[in-house]
2 protein chains.
Amino acid sequence: MSRVGYHHGDLRASLLASALELVETAGPEQLSLRAVAREAGVSPNAPYNHYADKAALLAALALHGLEQVRESMVAAAAAADPGDEIFAITAAAVRHALARPGLYRLTVAHMCGDDPRIRAAEDAVRAVVAGGVAATTGGSGADALCAGVWALAQGLTLLLVDGALKPAPHQTVDDFVRATVQATLTAGAAAPVAVEGRR
Amino acid sequence: MSRVGYHHGDLRASLLASALELVETAGPEQLSLRAVAREAGVSPNAPYNHYADKAALLAALALHGLEQVRESMVAAAAAADPGDEIFAITAAAVRHALARPGLYRLTVAHMCGDDPRIRAAEDAVRAVVAGGVAATTGGSGADALCAGVWALAQGLTLLLVDGALKPAPHQTVDDFVRATVQATLTAGAAAPVAVEGRR
DNA sequence: CCCATATGTTGACAGTGTCCACAATATGGA
DNA sequence: TCCATATTGTGGACACTGTCAACATATGGG
């Protein structure tokens, strides 16, 4: 942490860590490059030796978040009972975001850019979802179902982080996610009208 | 547009309109209060007579977006074939966001705040979804299904605005949304394992 | 040992959100 | 009608931000 000499040692990583902390305490909107440098105990311009500009630092942070959530998802999928992967993956994504809401919001905000590395990280996440869908349904799930499950996970995460959706009292987040995913994926049985291929 | 005298007439509305334009051209991150004032042909401090601060203006904009998307959704639900409301509502939300991506992103970013008026607008949107679910399934849909459909719509919107999810070539957005929603809601039939109430 | 390179610092500039004092206009009661 | 007063817009100022250019300091290969 504290520097001994003129040089820092591993500022690049230190900046990421400081930003990771500040994005939770100050929120993604208020995160300033200068504050990150301050937190790392370094002059306002030092970051420019490691990141082209503020957007690059934030992109690295978003990338970090995406890779981290992907790891949580693969771990959850591996530990899940067979046939339960879809829920396990969704719950992992939700838990990760709820544990680091600032990072999640920053990541969402940066998914709209066209950074190829972020795009690649998103594709990796999507691949995990596709794998989980395939494992749960037995066969290789159709593309449409993969997209739907991914969107469902993403939407649940967004709404839970917002506070727009709240588990009932005495209901854990996991239980809420399980109930919601299950109700959604089996809605067709209860409402056959929606099933008909209406062109 | 152009002012005649010292006073503007209806600056409050004019600022909203300018902001609505700038949020699309400059993006929600780059939107500056001073630029909005400039666009409205007024001094940098004039907005403070109508909005407490920048956040208040943005909140008003987000509110506007939420009310607008809600109107699109009720119109779509009213015009939908019976039993098709869930898809109609989802597609309306997606179309609205794709037509105004800047406003959509700003709205998403402001849903995490605790502004009660935004919270109320979100609840109104959720009510429309609940109505659509009830209409499609016949009975009053279970809360879990409403939450799932809402999350699915929100997630689809997010991923489509990002570009993370893209319709296949020669597939319209509506077709993509319909296929995805249908595949998701009927997944249980294809994968009975996921149906079992696994506690 | 010395110099090229990587890394950190200082100073500066434009732009931003916001506060304050002030000016111009609208409004309503005498 | 006239003027006190509230409403609305302006100008100036301040702290802060992202970023650039010039400079200082360490580090490692010849």
Side-chain angles (χ1 to χ4, degrees), chain A residues 1-62 102 105-106 109-110 112-113 115, chain B residues 1-62 102 105-106 109-110 112-113 115:
Chain A
M1 285 298 175
S2 68
R3 230 170 344 151
V4 290
Y6 187 94
H7 282 257
H8 181 116
D10 186 5
L11 192 96
R12 184 175 207 106
S14 202
L15 286 172
L16 257 188
S18 298
L20 206 53
E21 180 185 338
L22 284 178
V23 82
E24 298 300 340
T25 64
E29 329 279 350
Q30 306 299 331
L31 198 166
S32 92
L33 192 54
R34 287 172 114 107
V36 173
R38 240 165 358 228
E39 173 84 12
V42 96
S43 90
N45 285 335
Y48 285 93
N49 287 310
H50 301 271
Y51 298 97
D53 53 7
K54 180 184 182 183
L57 209 195
L58 298 194
L61 210 64
R105 299 216 279 135
L106 182 140
H110 276 253
C112 306
D115 185 322
Chain B
M1 285 300 176
S2 68
R3 232 174 338 154
V4 289
Y6 186 94
H7 282 237
H8 182 116
D10 186 6
L11 197 112
R12 184 173 207 107
S14 204
L15 287 171
L16 259 188
S18 299
L20 205 54
E21 179 185 338
L22 285 179
V23 82
E24 298 300 339
T25 63
E29 329 279 350
Q30 307 300 332
L31 197 164
S32 93
L33 191 54
R34 286 172 116 105
V36 172
R38 243 169 350 234
E39 174 84 13
V42 96
S43 92
N45 286 334
Y48 285 92
N49 288 311
H50 301 271
Y51 298 98
D53 53 8
K54 181 185 182 182
L57 209 193
L58 297 195
L61 211 64
R105 300 217 279 136
L106 182 141
H110 277 252
C112 307
D115 185 322

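Chain identifiers are assigned alphabetically (A, B, ...) following the order of the sequence lines, protein sequences preceding nucleic acid strands; residue numbering begins at 1 within each chain.
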Under 3.5 Å, sequence neighbours excluded: what are the donor-acceptor pairs made by side chains of residues 15-29 of chain A?
residue	atom	partner	partner atom	Å
A:Ser18	OG	A:Ser14	O	3.0
A:Glu24	OE1	A:Gly102	N	2.9
A:Glu24	OE2	A:Gly102	N	3.4
A:Glu24	OE2	A:Leu103	N	2.9
A:Thr25	OG1	A:Leu22	O	3.3

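Checked by atom type and distance alone, the side chain of A:Lys54 pairs as donor or acceptor with a backbone atom of A:Leu31 at under 3.5 Å. In this structure, the side chain of A:Arg34 does not engage the main chain of A:Pro44 through any donor-acceptor pair within 3.5 Å.
Closest approach of A:His110 to A:Ala62, counting heavy atoms only: CB-CB, 4.0 Å.
Between B:Asp10 atom CG and C:dA26 atom C1' there is a gap of 15 Å when expressed in whole angstrom units. Between the CD atom of B:Glu29 and the P atom of C:dT16 there is a distance of 15 Å, given to the nearest Å. One can place OH of B:Tyr51 at 17 Å from C1' of C:dG17, the figure rounded to the nearest angstrom. For the pair B:Leu22 CG and C:dT16 C1', the computed distance is 15 Å after rounding to whole Å. Regarding B:Asn49, its CG atom lies at a distance of 13 Å from the C1' atom of C:dA23, rounded to whole Å.
The distance from atom CG of B:Leu58 to atom CG of B:Leu106, rounded to the nearest 0.5 Å, is 5.5 Å.
The phosphate of C:dA6 has neither OP1 nor OP2 within less than 4.0 Å of any side-chain N or O from A:His50.
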Can you give one letter per nucleotide of nucleotides 14-22 of chain D, going 5' to 3': B for a protein heavy atom under 4.0 Å from the base, S for sugar-phosphate only, - for none? ---BBBBB-
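For the pair A:Leu33 and A:Tyr48, the minimum side-chain heavy-atom distance is below 4.5 Å.
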